[in-house]
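For reference, positions follow the sequence shown, starting with 1.
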Amino acid sequence: WMLVCAYLPATMLPNHSITTVHQLLQAGEPLSYAHLRRATGLGDKQLSRLLRQLQEQGIPVIESRCGRQKVFSLPPEHQQVAVPDLHLTNDELRALAIAAKASRTALAGTPYDGALRRAFDHLMAHAQSACHYFDVEEPQQEWFFDDAPADAIALDCFRQLEAAMDEQHSVRIDYYTAGADRHSQGRLIDPYAFIKRQRTWLLVGYCHERQALRHFAMTRISRVEPCPELLFEPVPGFDPEHYFDAVLGAFASGTTYELQLLVEPAQALHFRERRYHHNQQVEERPDGRLFVSFELEGLDEMRSFCQ
């Protein structure tokens, strides 16, 4: 079979080989010629023609290098993951329907907004015929989540930063600092995590200029230049869940203050029902008022919260 294939012209490459290579690329792992030879039995020249044929069909095959090897892959949005024999209880499916609606607000402004909608539509299309105990559309009607949009993000910057996080390499960013009204270019950053604070997406990472952890509003990043030759390890003890522990919003100053509030009875219910911060302390007073205290960073954030 291999000898026959070696003399096939480009237009006569076996369809099953084209399908096999496409499926392997969709799985997401970068593929070398050696990997493709084992999977198809074709030689490098036939594989080269096959890959060009896929590109001519509109499949965006990316060619890159891993060390000395040439490897081929697809962009993340063109990769697919098969989930065979997936079985969900009705409660699990209902929970996913509710979570999908809630997540649409959280992911607004990111490349995953549309991807979530498509994924949920695929799930519902497969679940409709098997769902007997509740209407899968009910959670969309019964549960409401605030649809206030997030600030717009440059999506190419988002994807480049996400790739740098996955591969743990540094980037240079062009950034506008609103407080100082200053544009900085080529600022070297080790990107650690995306964190959403209220409606704002933030990049948290190590800033080589400041030699400290900093966070950057994604809307103010105008350019990202990957630096794949500069690999990094996160600073010891970094935990994105606790990075903003001392902050009610998105502004950390490095100095901790104690905020004390005397809350009138008309507003007291808000503090009884909601915990605004993990170190919030509430003391009931005989006259119906509350004495509320926090430990926070930043006077500006305190003023904003109290207003």
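Crowding of Gln79 atom CD: a count of heavy atoms from other residues, nucleotides or ligands under 6.0 Å exceeding 12. The number of heavy atoms from other shown groups lying within 6.0 Å of CD (Glu233) does not exceed 12. Enclosure of atom CD in Gln57 by more than 12 non-hydrogen atoms of other residues, nucleotides or ligands within 6.0 angstrom is indicated.
Between Tyr192 and Phe232, the ring center distance clears the sub-6.0 Å criterion.
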May I have the step-by-step check of side chain to side chain contact (heavy atoms under 4.5 Å, CB included) for Gln211 and Tyr206, ending in yes or no? CA-CA 7 Å; Gln211 296 189 348; Tyr206 181 83; 3.5 Å; yes

CA sep, side-chain torsions, deciding dist, call: Val71, Leu31, side chain to side chain contact (heavy atoms under 4.5 Å, CB included): CA-CA 5 Å; Val71 294; Leu31 303 173; over 6 Å; no

Steps toward side chain to side chain contact (heavy atoms under 4.5 Å, CB included) verdict (Arg223, Cys157): CA-CA 6 Å; Arg223 187 183 70 93; Cys157 292; 5.6 Å; no

Can you list the steps and then say if Leu25 with Leu54 is a side chain to side chain contact (heavy atoms under 4.5 Å, CB included)? CA-CA 11 Å; Leu25 289 168; Leu54 287 174; 4.0 Å; yes

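Annotation for Pro60 and Gly58: closest pair CD-O, 3.4 Å, computed over non-hydrogen atoms. Nearest heavy atoms, His169 versus Pro228: CG-CA, 3.6 Å. Nearest heavy-atom pair across Ala268 and Leu290 is O-CD1, 3.4 Å. Residue Pro30 comes nearest to Ser73 through the heavy atom pair CA-CB, 4.3 Å, listed as atom of the first residue, atom of the second, then distance.
Between the CZ atom in Arg220 and the OH atom in Tyr175 there is a gap of 4.5 Å [rounded to 0.5 Å]. To the nearest 0.5 Å, atom CG of residue Asp287 and atom CG of residue Leu262 are 7.5 Å apart. In this structure, Met218 CE and Phe194 CZ are separated by 4.5 Å, a value rounded to the nearest 0.5 Å. Going from atom CD of Glu225 over to atom CD of Gln160 covers 9.5 Å, rounded to the nearest 0.5 Å. Interatomic distance, Leu36 CG to Leu47 CG, rounded to the nearest 0.5 Å: 5.5 Å. Distance check: Arg65 CZ to Lys70 NZ gives 5.5 Å after rounding to the nearest 0.5 Å.
Two residues are said to be in side-chain contact when any heavy atoms from C-beta on lie closer than 4.5 Å; Val171 and Leu161 meet this criterion. The shortest side-chain heavy-atom distance between Tyr176 and Ser184 does not fall under the 4.5 Å cut-off. Between Asp190 and Pro234, every side-chain heavy-atom pair lies at or beyond the 4.5 Å cut-off. You'll find the side chain of Met165 reaches within 4.5 Å of the side chain of Leu203, heavy atoms only. Residues Ile189 and Ser170 fail the side-chain proximity criterion, which asks for heavy atoms closer than 4.5 Å. In this structure, the side chains of Leu213 and Phe238 come closer than 4.5 Å at one or more pairs of heavy atoms. Proximity of Val224 to Asp156: side-chain heavy atoms (C-beta onward) are nowhere separated by under 4.5 Å. Counting only heavy atoms from C-beta outward, the side chains of Gln69 and Tyr33 never approach each other to under 4.5 Å.
Between the side chain of Gln46 and the backbone N or O of Gly43 there is at least one donor-acceptor pair closer than 3.5 Å. Formation of a donor-acceptor pair under 3.5 Å by the Asp174 side chain with backbone atoms of Gly186 is found in this model. Ser48 places no side-chain N or O within 3.5 Å of a backbone atom of Asp44 that could act as its donor or acceptor partner. Side chain of Gln260 to main chain of Ser293: no donor-acceptor pair is present (N/O by atom type, distance under 3.5 Å, no hydrogens or angles).
In the hydrophobic cluster analysis, where Ile, Leu, Val, Met, Phe, Trp and Tyr join through side-chain heavy atoms closer than 4.5 angstrom, Leu74 is grouped together with Leu24. Both Ile59 and Ile18 sit in one connected hydrophobic cluster of ILVMFWY residues. Membership requires side-chain heavy atoms under 4.5 Å apart, directly or through other members. Put simply, Phe291 and Val282 are part of two different groups of oily side chains (I, L, V, M, F, W, Y) that touch within less than 4.5 Å, one to the next. Follow the hydrophobic side-chain contacts under 4.5 Å out from Val235 and you reach Ile195 in the same cluster. No path of Ile, Leu, Val, Met, Phe, Trp and Tyr side chains, each step under 4.5 Å between heavy atoms, connects Leu230 with Val204, placing them in separate hydrophobic clusters.
With salt bridges taken as basic N to acidic carboxylate O contacts below 4.0 Å, none links Arg285 and Glu283.
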